[in-house]
Amino acid sequence: MKLYFSPPSPYSRKVRIVAALLGLDDKIELIVADTANPSDAIRSKNPLGKIPTLECDDGVCVYDSPVIVDFLDDLAGGGRVLPKERAARYAALTLEALADGICDASLLQVYEVRMRAENERSASWIAHQSSKVERALGALEADPPAALTRADQADVGAVALACALGYLDLRFEGAWRAGHPRLVDWLGSFAAAVPAFGATKT
């Protein structure tokens, strides 16, 4: 299989960590994609030109990260990072959605600065996206996930949250840490339990 990805992407990192947790990382070739390049192969693999995109052995492409995670979990026998029991499954999927939402709002802030001239940027748009991140972090700080002690305790929600916090460290200089000590502790437990988190840091 081939994974078209970008090293800084939190969504790509999520897939890479899940692949490692499932013991599938050695079966996946990593191909760095340039989503801004019209001639990059990613646009022939995924019409949206988005990463991550997984090309399976039979040439079928699967995207994006939640679908790839589901595919890999099924390939590994199921019930590994996507719990089978209903309540646990939807708790994990909801946490994944919240963490991916943090990434979405963070990326929109980054793109507003990266893609627009300074006089074209919208301070209100940046503040709107920033407020989403702050509300999500506040909710998670008030009720953080259980600390991990083993890698096999990591479900897709935990992986997605770790990647979201890692992205905030990468793009926003870890400013979130000052006001969220319980999340800082949680991320420390995740990093200690899941070596792939450190291995996928850019």
N/O donor-acceptor pair under 3.5 Å between [X] side chain and [Y] backbone:
{"X": "E173", "Y": "A175", "answer": "no"}
{"X": "T94", "Y": "A91", "answer": "no"}
{"X": "D57", "Y": "M1", "answer": "yes"}
{"X": "D40", "Y": "D34", "answer": "yes"}

Point-to-point distance, once rounded to the nearest 0.5 Å, from [atom1] of [X] to [atom2] of [Y]:
{"X": "K45", "Y": "L48", "atom1": "NZ", "atom2": "CG", "answer": "15.5 Å"}
{"X": "S131", "Y": "R135", "atom1": "OG", "atom2": "CZ", "answer": "4.5 Å"}
{"X": "F172", "Y": "S130", "atom1": "CZ", "atom2": "OG", "answer": "7.5 Å"}
{"X": "R121", "Y": "Q109", "atom1": "CZ", "atom2": "CD", "answer": "12.5 Å"}

Salt bridge (charged side-chain N to carboxylate O under 4.0 Å, His left out) filter on E112, not counting sequence neighbours, yields R116
Applying the side-chain contact (heavy atoms from CB on, under 4.5 Å) test to L54, which of V67, D64, L3 qualifies?
->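 When V67, D64, L3 are each tested with L54, the side-chain contact (heavy atoms from CB on, under 4.5 Å) holds only for L3.
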With ILVMFWY side chains joined below 4.5 Å, transitively, what does I126's cluster contain besides itself?
-> V113
Quick one: name the residues clustered hydrophobically with I42, using the 4.5 Å side-chain heavy-atom rule over I, L, V, M, F, W, Y, and just say none if it's on its own.
->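 The other cluster members (ILVMFWY side chains, heavy atoms under 4.5 Å, direct or chained) are Y4, I31, I51.
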Step-by-step side chain to side chain contact (heavy atoms under 4.5 Å, CB included) determination, I102 to Y167 = CA-CA 9 Å; I102 291 172; Y167 188 73; over 6 Å; no
Give the minimum heavy-atom separation between [X] and [Y], together with the two atoms involved.
{"X": "L183", "Y": "E141", "value": "N-OE1, 3.0 Å"}
{"X": "R43", "Y": "T35", "value": "NH2-O, 3.1 Å"}
{"X": "C163", "Y": "F197", "value": "N-CE1, 4.3 Å"}
{"X": "P47", "Y": "Y63", "value": "CD-OH, 3.4 Å"}
{"X": "A158", "Y": "L95", "value": "N-CD2, 3.9 Å"}
{"X": "F71", "Y": "C56", "value": "CZ-SG, 3.5 Å"}

Residue pairs passing the side chain to side chain donor-acceptor pair (under 3.5 Å) test where at least one lies in residues 186-202, sequence neighbours excluded =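 Side chain to side chain donor-acceptor pair (under 3.5 Å) check on residues 186-202 returns R13-T200.
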What residue pairs, at least two apart or across chains, pass side chain to side chain donor-acceptor pair (under 3.5 Å) with a residue in residues 71-82?
->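 Those involving residues 71-82 do not exist here.
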If Ile, Leu, Val, Met, Phe, Trp and Tyr residues are connected whenever their side-chain heavy atoms lie under 4.5 Å apart, and connections chain through other members, are L98 and L108 in the same group?
-> no
After noting the C-alpha distance and the side-chain angles of D169 and R177, does the key distance pass the salt bridge (charged side-chain N to carboxylate O under 4.0 Å, His left out) rule?
-> CA-CA 9 Å; D169 279 339; R177 290 175 174 267; 2.8 Å; yes
Could you give me the CA-CA distance, side-chain angles and deciding distance for S9 and S12, then say whether side chain to side chain donor-acceptor pair (under 3.5 Å) is met?
-> CA-CA 5 Å; S9 162; S12 296; 3.2 Å; yes
Using a 4.5 Å cut-off on heavy atoms from C-beta on, say whether the side chain of [Y] contacts that of [X].
{"X": "D104", "Y": "Y11", "answer": "yes"}
{"X": "L137", "Y": "L165", "answer": "yes"}
{"X": "L93", "Y": "L82", "answer": "yes"}

For residues 14-25, dump all side-chain donor-acceptor pairs below 3.5 Å to protein atoms at least two apart in sequence or in another chain.
from : atom 1 : to   : atom 2 : distance (Å)
K14  : NZ     : S65  : OG     : 3.0
K14  : NZ     : E96  : OE2    : 2.8
K14  : NZ     : D100 : OD1    : 3.2
K14  : NZ     : D100 : OD2    : 2.9

Could you go through the side chain to side chain contact (heavy atoms under 4.5 Å, CB included) check for H180 and E134 one step at a time?
-> CA-CA 10 Å; H180 305 91; E134 285 304 317; 4.1 Å; yes
Would you check, one step at a time, whether the test side chain to side chain contact (heavy atoms under 4.5 Å, CB included) holds for N46 with C61?
-> CA-CA 7 Å; N46 179 342; C61 291; over 6 Å; no
Does atom NZ of K132 have more than 12 heavy-atom neighbours, drawn from other residues, nucleotides or ligands, at distances under 6.0 Å?
-> yes
